[in-house]
Structures are given as structure tokens and as C-alpha cells.
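Values in this document were obtained by computation on a predicted structure and should not be read as measured data.
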Protein chains: 2
Amino acid sequence: MQFATGCMGNKLVAKCNQSPMRNEEPRSFCPINMAVEVLGDTWTLLILRDMMFAGKRHFRDLLQCEERIASNILADRLRLLTLEKVITKSEDPTHKQKAIYSLTEKGIQLLPVLVQIRIWGAHHMGKIDAVSPAVKAFNRKLERGGPELWAQMMAELRATHLGR
Amino acid sequence: MQFATGCMGNKLVAKCNQSPMRNEEPRSFCPINMAVEVLGDTWTLLILRDMMFAGKRHFRDLLQCEERIASNILADRLRLLTLEKVITKSEDPTHKQKAIYSLTEKGIQLLPVLVQIRIWGAHHMGKIDAVSPAVKAFNRKLERGGPELWAQMMAELRATHLGR
DNA sequence: AGAACTGGTTGCAATTTGCAACCGGTTGCA
DNA sequence: TGCAACCGGTTGCAAATTGCAACCAGTTCT
């Protein structure tokens, strides 16, 4: 029990609203499939988006996402991402009850995936007038930037999430 | 009714085992979210994987994927992907009952997304000994290849799927 | 002291998934 | 010609997952 903040008798209970404990065999060992088994749902990538692009690292912040994720789903996804070592959870020194979620190196290396998804989405799904000029400009930058830009962004994430 | 092959009185019935007709508003207009609303489930990306990397274009072929997708789910996802214009469906001239699924330009431009997912999966989820040397070699090639390689692969897909 | 904020949990209804059986038409082969 | 195998699915049902809204016990702010 490394982080026994908060409520509820800490009885290792974990039944409600939770995806399987991820003990099961993967459906196959294809790398794409293994990745999809972690990322392939409606919320996980949005959580990572908010951590990467919006700098959100607290439960309450992540809960405020534009798409209105439910708190039980968020809790479950954070648990799974932690289990998969895409993120880690630690205490916030400034507030006994606050948890800080950080990207691991594994998580940071998802940035190119997110970037490509964003480029594709902006290109093919984007309602032009529904996005602010600033966002549009950043999309263009991402498209032009290429691997070097991603590397730079990943370096920044390493600085803030891994303290390097 | 453009393609009335097969069975069932064509009564436009569509109730069982189907995701919503996708008439609903998106949860938000964020490009990543809009993309995730199309791609964010456990099967869609695997179908696209098989179309892109394994050249599968028939229902029966796609049904044979390693992960054993159920036929009703496959039918539903193909319907959604068609609705989203990621793929198209057409008749096979050699066989009245065969449908050919083709990637659209929108679908082909998902290749970089799939490639990044594959790279990440191979890097971070891969059981080293569970993958053939040929696949491993191709993974390395993808990693080194960069945007130029993707462009080349996309050109090949255009040739076979769009007949250009 | 009380209000507001912290990271969640709980129960329940509604939706989605997965399974297995099945369907009617088409095609290849003997 | 006849029949088996193949074609793209559909159907009904049980099980799992999602979404909602209320709630909780500590902690911090005022």
C-alpha cells in the first residue's frame, strides 16, 4: 500500500466499474494489437492528450475535460495506465490528499502517436470554424515540424514529468 | 440501395449489434477526440491494420484475423468505417457475392497513425520472442524509414485501393 | 467552525460486446 | 445436375462495460 490517501477501508477491494485486471493473455502478440489493448477505448487517449498537451496531472483537472469523463471511468483508466506503466502516481508534497500523475518514458513515447492522430483528425474530421486560430496554428506547426519537433516536445515532457 | 447482394429482405433494418448511427454530435470538436470517436475501440484499428499491412479486402479474410473478431462486430465496424468514409465498399467483378473493401484517401492517411502505434507497441509491449524475424526486421525498417517511407507505402496503397 | 476541495467509490440502468447458430444466394466441382 | 463449400452478413441472448448521479471521508482554506 504505497499511497493510502483518502477514504474507504483499504481492503484491496476492486470490483465496481473496472476493466479486467489485465491478467489475461493478450489476444495476440502483434505489436499493434498489444498497443490497442492498452489504448483502444474512448477515453484513454483523451486522458493522455490532456496530460501531454494541457499539462493536466491531477484527478480533478482530468475530470474537467471537455468531453466530460465520468469519475469512475477516469479512476479506472488511471489505474490501468498505471498498471501498464504508462503513467505513475505519486503524492503531491503541497497537499496531503493530492495525487500527481506523471508520464513515464513509455508514456512520453506515445507522443508521436498522439501527434499523428491529431494531424489526421484535424485534416479529416475537423470542423474548420470550431477550432481557435491558435489551435489551428499549432496543428500546422505539428505537421511541418516532423520528428525533430516531436523529439523536442518529448524532451520537455521528460523535464516536467521525469524531472530530468 | 447500391449493393443489394446477399440475403435478408432489404428493408433498411438495422437494429442488432450496432453502434449508434453516428448522427450524434461529437463529444467535442477537438481533432484528437473526433479521431478517437472513429478509431477508439478494440477492433477498428485492427481491421485497418489488416487492410493496410496484410492486404485483406474481403469480409471473410478480415474475419480470419488472429484476434478472432466476431462477424457481427466486423460487419458493424465496416459499416461505421464506410459511413465515415475511411473505406468504401464495392462489388467484386469476379464474384457476384463478394464485396471488396477499399481504403479511401482519408483511410490511407491513417497509415502514419498505424505505423506510430506499431512502433510504440513493438518497443514497449513486444514480447521479443513472440515475433518472427521478418516482422522484427520490418519494424526496424519502419522506425528508420520515417516520413519518406510512409509516403512510399501510402503511394502503394493508393495504387491498389484507388487504382491510381 | 464551516465551506469548499481532494481523489475517488457505489449502485443501478442503459449500452455494447462476444458467442454461436443460422440464413439465403452464389460458385466450383463431379 | 446436384451438392458442398463459400459468400457477406443477421439474429437472439448472456455477459461485460459504460454512464450517471449521488455520496464519502479526509484535508485545506477562510
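- Atom CH2 of A:Trp43 and atom C1' of C:dT15 are 15 Å apart (whole Å).
- Salt bridge present: B:Glu105 and B:Arg158 bring a charged side-chain N and a carboxylate O closer than 4.0 Å.
- Taking the charged nitrogens against the carboxylate oxygens, B:Lys56 and B:Asp61 have no contact shorter than 4.0 Å, which rules out a salt bridge.
- In plain terms, the two heavy atoms of B:Leu103 and B:Met52 that are nearest each other are CD1-CG, 3.8 Å.
- Contact check on B:Arg27 versus A:Glu66 returns no salt bridge, with no Lys/Arg side-chain nitrogen under 4.0 Å from an Asp/Glu carboxylate oxygen.
- Residues passing the ring pair (Phe, Tyr, Trp, His ring centres under 6.0 Å) test with A:His161, sequence neighbours excluded: none.
- As a whole-Å value, the separation of B:Asp92 CG from C:dG28 P is 11 Å.
- Distance A:Leu74 CG to D:dG19 C1': 13 Å, rounded to the nearest Å.
- In this entry the distance linking CG of B:Leu63 with P of D:dT10 reads 13 Å, nearest Å.
- Going from atom CG of A:Asp76 over to atom P of D:dA16 covers 15 Å, rounded to whole Å.
- Below the 3.5 angstrom threshold, one finds no donor paired with an acceptor across the side chain of B:Thr42 and the base of C:dT17.
- Across the strands present, D:dT28 finds its partner in C:dA3; the criterion is a Watson-Crick or G-U wobble pair with both atom distances under 3.5 angstrom.
- Sequence order on DNA chain C of the closest nucleotides to A:Ala75 and B:Thr94 puts A:Ala75 first from the 5' end.
- Nucleotide C:dG11 holds its P atom 16 Å from the CD1 atom of A:Ile73, rounded to whole Å.
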Quick one: which protein N/O atoms are closer than 3.5 Å to N/O atoms of nucleotides 4-7 of chain D? Pair and distance per line, please.
from: D:dC7; atom 1: O2; to: B:Gln97; atom 2: OE1; distance (Å): 3.2
from: D:dC7; atom 1: O2; to: B:Gln97; atom 2: NE2; distance (Å): 2.7

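- Under 4.0 angstrom from either OP1 or OP2 of D:dT18 there lies no side-chain N or O belonging to B:Arg27.
- Atom CZ of A:Arg68 is separated from atom C1' of D:dG19 by 12 Å (rounded to the nearest Å).
- Considering only side-chain atoms of B:Asn72, the nucleotide from D:dT18, C:dG8, C:dG18 that sits closest is C:dG18.
- Whole-Å rounding puts the B:Asp41 CG to C:dT15 P distance at 18 Å.
- Of the side-chain N and O atoms in B:Lys96, none sit less than 4.0 angstrom from OP1 or OP2 of C:dG24.
- Among A:Thr42, A:Thr82, A:Ile47, A:Leu46, the single residue meeting the side chain to side chain contact (heavy atoms under 4.5 Å, CB included) criterion with A:Arg77 is A:Ile47.
- Residues forming a side chain to side chain contact (heavy atoms under 4.5 Å, CB included) with A:Ser132 (at least two apart in sequence, or on another chain): A:Ala134, A:Val135.
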